[in-house]
Amino acid sequence: MSEKYSVNLPQTSFPMKANSAVREVEIQKMWEEDKIYEQSLEKRKDGAKFVLHDGPPYLSSNKIHIGTALNKILKDIVTKYKALQGYYAPYVPGYDSHGLPIENAVLKDVKGGRNSMTPIELRRRCRDFALSNLKGQETNFKRLGVWGDWEHPYITLDSKFEAAQIRVFAKMAAAGYLYKGLKPITWCPNCETALAEAEVEYGDHVSESIYVKFAVKPESLAKLPEAVRNESDVSFVIWTTTPWTLPANLGVALHPDFNYDFVKTAEHGVIVVAEALRNSVLKACGIDESTASVLATEKGSSLEYIECVHPFVQRTSLVMVGDHVTADTGTGCVHTAPGHGPEDFLLGNKYKIGVLSPVDGRGFFTEEAGQFAGLRYDKANQPILDHLSELGKLLAHSKVTHSYPHCWRCKKPLIFRATEQWFASVDGFRKQALKAIDTVEWIPASGKNRIFAMVEKRADWCISRQRSWGVPIPVFYSRKTGKPLLREDVIRKVADVFEVEGSDAWWEREPSYFLGTDFKDEEGESEFDKETDIMDVWFDSGVTHSSVVDARPELRGTPCELYLEGSDQHRGWFQSSLLTSVALHDRAPYKTVLTHGFVVDETGRKMSKSVGNVVEPDEVIKQYGADVLRLWVASVNYTDDVPIGKNMLAQLAEVYRKLRNTVRYMLGNLHDFDPKDAVKYEDLTGIDKFILHRLQDLVVRVREDFDKYEFFKYYQLLQNFCVVDLSSFYFDIVKDRLYTSSKRSVSRRAVQTTLNELLQVLVRLLVPVTPHLAEDIWQNMPELLKGNERSVLLTDFPVERKEYLDAELDNFWKDLITVRVVVNKALEQARGARKIGSSLEAKVLLKLDDAKLAEKLLSLNQELNGLFITSQATVLAQNEALSTEEGHLSDASESGINVAVLQASGTKCARCWKYSLEVGENAEYPELCNACREAVIADGAFCSSRT
RNA sequence: GCACGGGUAGCUCAAUGGUAGAGCAAACGGUUGAUAACCGUUAGGUUCCUGGUUCAAAUCCCGGCUCGUGCACCA
């Protein structure tokens, strides 16, 4: 046979290889030039709003990491899905630009540190640094295919933003939620600033562990039990891991309900410790139990108000009682320094013993610390120990490793230090905040308990920072009285100036510039100083619901529909946003909060540079393209930590390729299809109708998955559909009709009609997760199939088409597939024995125990061999035996389905490659079967030789 | 230390208390008219471990291991 007959092969401009590095960028350029995002908004402006408000990434780096990519992609999947569903879903990206880490990063390269330049100069450098990082991050985000208003992002350093933030401050001041107070707050001596709870992290730290005697004053001996009143040396023993806080000691705390033993020792006189801890203390102090005797035991509550002498300062330390004292470690007698611990502070307040905090902002002792003045706090431990030892007050000394608060930015240990700070009174609106939490949908649901517990317990929010790079706390103090001006009208004047000049004005302008020259406060004072603290950066981002969502008309105000961030934001942005919103409006700023976990490597370890397991988004994109990265996002269950690594990406690339080729098959076979020639549903064959039914099932379930934000289910579904239903089943079977039926035949048009339905739906289902792929498909689709729509992003998300549903047909075909599985096994056997190659070389005989199933197969008639892709297929009657006749090659049998494979009868048709007895019957077309002969005649083109 | 969540095939995910399934990857084979594409077959599991409830447990209960997260770590 020297000639080949032409068949209808697929033709398409849609390439098999994605060439993402080039093609994705082209597509993004098209979206940008044609303003597809803007067109989408315009098209859907009358739809219900769905606003996902962007949590601003921090501008300390010019490159995003994989976790940020995960977050941004998740957001984009949501907004694209909602938009295609017809929602008005604008997305305004934001950036967080103030704060300590940026200031530190800038100062790192400055000789002489922060004192070598003016605040304005420092702020200018911080601003430049932040804005240059913004450029880098923006490029990264856009390359992910994230759509949104990139021309007008919100930036917290924007003067309008700053003004809005000041106005929020004004409202909170007016509501009485802001106050200045002296409190021990966590302080970073390295960064020289106060830190919020959210900025503290705990880690192991080696501390001194010491036991110290606090002698009872002679005049308090009368308050002791009878048995010890005559003892000359009675001391409470405290345990501490921070010797440097001893200069600030003002008391000793006992638990009111614990029993305290008065233990007479040979070496240290009478010592007082909790009964429950007596033995462990004796042991720790190297005191032989046999030489010690308990003279008396007394409840903590009856020892209250005994006065002790400070071990090395001429000062009284008062014995107090508090429930915070525990019996698991120490002595049951707690060294209390109100200036260095929150609980100490509270207790000290109750007993009015005062506050002492003799440490400056850099962690050095002040004059108040007496002989230790000038030492850095951590260098003071040893001298204090030596001193205690000399005085005979030190019972024991060792090292202990325990967890200790550290600065989450500079990683250095923190101290507690009492200073004057501005606070937002969480107590003032805690109840409302908890109520608001209840109105929000938290996904996953555990997030609700998490934030509830945090807000329930959290202390007042310290919003002061002693730095330069941020929005100033807009308060003036009377120069004479020192009284702060906390008036809404005054603060709003500051906002008005900032709106025009930015917050630099705070450093550049005199108070009178803001207040007016003839301004006087209630007491008639006209001279003022400006507050020097700036606001916690969490306050900046915490007010975006007001400064962005409420301020930008296109976002249509709070509450917005969704916040979507990493689960660490329960204590960060979700909380700061909630608190300020409740303070302002008594409601949450969001209706739903969705959280995701962190990205880890394939073995579940955290990513770190030192381990070398970091996956960089831009490297993934370079190698595989943004859509593969997006596919990764869609493939994992992000409620927990999400793994990523080389193997996973390679697999995802395979899946992407499979999706692409599935679509390519459809495109190729639709090149000559005009929807005008579509075949009516009633005239489709069974398998066409079946696949359309399956498609509806897919659509329904995909919508459910997207609605529940369970993208990994979508990923599994879509993949299964393309691989199982389409590629290995429908496409494989229907290929014969497409290729060998005559071009305009109903048989071929029916497949094309079906393929078009499939394609129209699939290309739309692909948009949220793999928008570049979807757009690439769209741009390569025959014009007739696109309905003049410029971009696939402007199309509508598919809905279920009830007219395609047919449950009976579904069951029918599922039975047939069961049979097909057994047939494949039989064919494989014949193939394995090298008796056939292509399945077209085979004939299948079937015998079914189930008569109904046999009937079903019989009803398929000519479609049956097509189902198996064999040349012939016959269903035997109940009384016929499965033959072992000539040509028998193999067989298989499973659950009543019995299959025999025989050599196909007849000769191979030169065109359709099926074996048939008809080949050779016709003199004019001796190489063709009847069907091919008719097709060739119908198409008028035959015997064309292939090149 | 306390609380919550997770642990199913190499990977990503399924399984109203009723024979543990898909896809991918692997191995082997076919096709050469989806061709750096496509099709088929095979293999792969003590469902983290130990007890218990039940006719029946991946699923429910007790205890443990492990990973993650949060809280507490205060002296």
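Naming convention: chains lettered A, B, ... in sequence-line order (proteins, then strands); numbering from 1 in each chain. Scope of the values below: all heavy atoms of this structure, side chains included, with no hydrogens, waters or symmetry mates.
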Suppose you measure atom [atom1] in [N] against the same atom in [M]; what distance do you get, rounded to whole Å?
{"N": "B/G40", "M": "B/C4", "atom1": "C1'", "result": "47 Å"}
{"N": "B/C28", "M": "B/U16", "atom1": "C1'", "result": "40 Å"}
{"N": "B/U53", "M": "B/U59", "atom1": "P", "result": "15 Å"}
{"N": "B/A57", "M": "B/G18", "atom1": "C1'", "result": "10 Å"}
{"N": "B/A20", "M": "B/A15", "atom1": "C1'", "result": "7 Å"}
{"N": "B/U46", "M": "B/A9", "atom1": "P", "result": "9 Å"}
{"N": "B/G6", "M": "B/G17", "atom1": "P", "result": "15 Å"}
{"N": "B/C11", "M": "B/G45", "atom1": "C1'", "result": "15 Å"}

Open item on the list: What I want to find out is whether A/Lys606 reaches A/Asp601 closely enough, with some N-O distance under 4.0 Å, to be called a salt bridge.
Closed with: no
Open item on the list: For a 4.5 angstrom cut-off between non-hydrogen side-chain atoms, does A/Arg831 reach A/Ser839?
Closed with: yes
Could you state the [atom1]-[atom2] distance from [X] to [N], rounded to the nearest angstrom?
{"X": "A/His570", "N": "B/C4", "atom1": "NE2", "atom2": "C1'", "answer": "12 Å"}
{"X": "A/Arg701", "N": "B/A14", "atom1": "CZ", "atom2": "P", "answer": "12 Å"}
{"X": "A/His671", "N": "B/A34", "atom1": "NE2", "atom2": "C1'", "answer": "13 Å"}
{"X": "A/Leu827", "N": "B/U31", "atom1": "CG", "atom2": "P", "answer": "13 Å"}
{"X": "A/Arg820", "N": "B/U41", "atom1": "CZ", "atom2": "C1'", "answer": "13 Å"}

Open item on the list: Would A/Arg820 and A/Phe729 count as a cation-pi pair here, with the cationic atom under 6.0 angstrom from the ring centre and within 45° of the axis?
Closed with: no
Task: Shortest side-chain distance from A/Val724, nucleotide among B/G29, B/C24, B/A22 - done: B/A22
Task: From B/G30, B/A14, B/G33, nucleotide with atom closest to A/Thr740 side chain - done: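 The answer is B/G33.
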Open item on the list: Classify A/Phe731 by what it touches in the nucleic acid, base, sugar-phosphate, or nothing, heavy-atom distance under 4.0 Å.
Closed with: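 Result for A/Phe731 = base.
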Open item on the list: Between B/U12 and A/Gln716, counting only base atoms on the nucleotide and side-chain atoms on the residue, is there a donor-acceptor pair under 3.5 Å?
Closed with: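 Looking at the base of B/U12, it does pair with a donor or acceptor on the side chain of A/Gln716 (distance under 3.5 Å).
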Open item on the list: I'd like to know if A/Ser727 reaches the base of B/A34 with its side chain such that a donor and an acceptor end up less than 3.5 angstrom apart.
Closed with: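 Pair found.
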Task: Presence of A/Lys735 side-chain N/O under 4.0 Å of B/A37 phosphate oxygens OP1/OP2 - done: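 Negative; the distance criterion is not met.
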Task: pi-stack flag for A/Phe712 and B/A14, centroid dist under 5.5 Å, interplanar under 30° - done: no
TODO: Please list residues of residues 638-650 of chain A whose heavy atoms come under 4.0 Å from any atom in RNA chain B, ordered by number; otherwise none.
DONE: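 When residues 638-650 of chain A is checked for heavy atoms under 4.0 Å from RNA chain B, the hits, listed by number, are A/Asp640, A/Asp641, A/Pro643, A/Met648.
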- [ ] Kindly compute the distance separating CD1 (A/Ile210) from CG (A/Leu395), expressed to the nearest 0.5 Å.
- [x]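 Spacing of CD1 (A/Ile210) from CG (A/Leu395) equals 10.0 Å.
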Open item on the list: Under the side-chain hydrogen bond (donor to acceptor under 3.5 Å, both in side chains) definition, can you give me all pairs with a residue in residues 639-655 of chain A, not counting sequence neighbours?
Closed with: A/Asn637-A/Thr639, A/Glu654-A/Arg657
